[in-house]
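Presented below is the structure to which this report refers.
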Amino acid sequence: MKSQTEVGAALDAVLGAMGQAAPPAPSLAGVAVLPSWRRLALVLSVGSLAVPAAILPFVSWSTVQHASVPASWLVAGILVLLAAVAGVVAAKPRMSVWAVTAVMALVALVTLANASGVEMNRPFFAGATCGVLEFLYAALPLALSFWVLRQFAPLRRRVLATAVAGSSGALLVLHLHCADGGLAHQALFHLVPWGLTGVLALLVRRLRPATFAP
Amino acid sequence: MVSFQQGQSTAYDTLYARHAGAVRGYLTRLVQNAATAADLTQATFLSVFRARDRFSGSQRFKPWLYAIATNAARDWRRHARFETVSEDGATPDGVYDGPGPRDVGLERQVWRALESLPEAQREAIVLHRFQGLSFSEIAELAQVSESAVKVRAHRGYERLRELLAEVKP
């Protein structure tokens, strides 16, 4: 086996011999400066919060999804906060993957820990309507999220955070509207579709970004 | 960079003159194609220009610049088939700029060995050995801890030792 010095010599012989002439500078005529990350965070947060603001006045509200009314409002409050803050977490140039994971884990934990267990009298998979509705409600903010994503280098953690931020308003609508407090229903038809938007967004990550800046 | 953010247009030219050559060298080492590296260098500096408001004064410029270049190279890899190593495995024309004659056999093995490394390990080695970035600067650009970067580089060298066992430089 070679020593590290010998490996270094082989690398130097090949990689060290490369020219470093600068190419011509790119033309900057007509090149616009990108929106600031604060503005993009605002777009994400407003886009996400606009969904519950637009839909909740027109649907019935239920409080039996969680073990108690205070628990239900606690979760609702956390979701509002998430929709507002997730935009900042997603758009901040030096975002922390731990912040994204922690926020997602918190939402899942609080939602499931407070599930009332009161199930609706219907076949289990009829509850899939909630998942479909969540995707529909999230469509517009997700479209905004993809536009925002093009303003950044397509890093995996940012894609995930941005998509989750976009769909958190839809999660809030379901939380206040749905009357099914079953743990399995909450997990499978509320939280899984919410997380799935992040996974789907990762597939769309192949869109050409407008910049490679983090 | 701060002068450029404050609106001094000549500051951008200074940044370009100071860093473009090194960035092109870095990108050539990553994508193994001189023409692609030149395009990506331009894309990197366009990104610097477009995203200048996102640079924070508390940051160091070099890690930020190399983070952009790394993202550009990764994006290129995602979209383009890796086609720069020719049939016989030698480096394409326009890359080699060394003093002596080319050793095509050595080039072939070194490129293939580098190509087989995970990109994070390859980037850590190239940035540290050839671009002169410190481990703390690489950690800043990769947004990981300094010890994680050291582990990446160490594992990369270990793997290269195995892959280049038969090579005589």
Side-chain angles (χ1 to χ4, degrees), chain A residues 1-41 91-99 150-158 202 205-214, chain B residues 12-13 16-17 20-25 28-29 34 37-39 41-56 59 64 67-69 71-72 75 78-79 91 94-99 102-103 106-107 109-111 114 125-126 129-130 143 157 160-162 164-165 167 169:
Chain A
M1 188 170 283
K2 276 190 169 325
S3 71
Q4 188 152 325
T5 315
E6 288 172 310
V7 170
L11 286 176
D12 291 344
V14 175
L15 273 72
M18 290 182 160
Q20 297 207 359
S27 166
L28 302 175
V31 177
V33 176
L34 293 170
S36 72
W37 73 265
R38 287 182 181 81
R39 191 170 296 179
L40 294 171
K92 205 163 179 275
R94 298 172 82 183
M95 65 177 307
S96 155
V97 69
W98 296 112
R150 287 201 65 243
Q151 318 298 314
F152 292 96
L155 305 176
R156 254 182 241 122
R157 54 179 176 263
R158 188 180 304 284
L202 285 172
R205 193 163 64 112
R206 298 180 76 86
L207 285 174
R208 277 279 176 188
T211 179
F212 296 114
Chain B
Y12 179 79
D13 299 331
Y16 193 86
V23 169
R24 185 187 185 173
T28 308
R29 290 173 182 113
D39 290 346
T41 303
Q42 293 189 330
T44 298
F45 278 88
L46 269 180
S47 287
V48 168
F49 181 85
R50 298 197 71 191
R52 62 187 173 203
D53 291 345
R54 290 193 202 151
F55 178 77
S56 136
Q59 275 178 285
W64 189 67
I68 295 174
N71 289 336
D75 185 72
R78 259 202 300 276
H79 289 92
T91 308
V95 172
Y96 183 78
D97 196 22
R102 290 174 71 165
D103 182 342
L106 176 68
E107 283 184 7
Q109 294 198 47
V110 169
W111 282 126
L114 272 172
I125 288 174
V126 172
R129 188 170 192 94
F130 297 99
Q143 295 188 29
Y157 277 119
L160 286 177
R161 277 176 65 187
E162 292 167 16
L164 299 175
V167 174

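Order of the sequence lines sets the chain letters (A, B, ...), proteins ahead of strands, with each chain counted from 1. None of the values given here were measured: they were computed from a predicted structure.
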Next on the checklist: Please find the pair of heavy atoms, one from Asn71(B) and one from Ala153(A), that lie closest to each other, and give the distance.
Outcome noted: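 Nearest pair, atom of Asn71(B) first, then Ala153(A): ND2-CB, 3.2 Å.
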
Item to check | Minimum heavy-atom distance Pro214(A)-Ile68(B), with the two atoms named | outcome: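 Shortest heavy-atom contact: CD-CG1, 3.8 Å.
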
Next on the checklist: Looking only at heavy atoms and a cut-off of under 4.5 Å, which of Ser47(B), Ala38(B), Ala17(B) has the most pairs with chain A?
Outcome noted: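 Heavy-atom pair counts peak at Ser47(B).
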
Next on the checklist: Walk me through whether Leu34(A) and Arg54(B) qualify under side chain to side chain contact (heavy atoms under 4.5 Å, CB included).
Outcome noted: CA-CA 9 Å; Leu34(A) 293 170; Arg54(B) 290 193 202 151; 3.7 Å; yes

Checklist entry - Checking Val126(B) against chain A: side chain, backbone, both or neither under 4.5 Å from a heavy atom? => result side chain

Checklist entry - Given a strict heavy-atom distance threshold of 4.5 Å, which part of Phe49(B) is in contact with chain A: side chain, backbone, both, or neither? => result both

Checklist entry - With a 4.5 angstrom heavy-atom cut-off, which part of Pro35(A) approaches chain B: side chain, backbone, both or neither? => result backbone

Checklist entry - Between CH2 of Trp37(A) and OG of Ser56(B), what distance do you get to the nearest 0.5 Å? => result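 Nearest 0.5 Å value for the CH2-OG distance: 10.5 Å.
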
Next on the checklist: Taking side-chain contact (heavy atoms from CB on, under 4.5 Å) as the definition, give me every residue that meets it alongside Ala43(B), ordered by chain and number, with sequence neighbours left out.
Outcome noted: Phe212(A)

Checklist entry - Can you check whether Pro23(A)'s main-chain N or O pairs, donor with acceptor, with Gln42(B)'s side chain at less than 3.5 Å? => result no

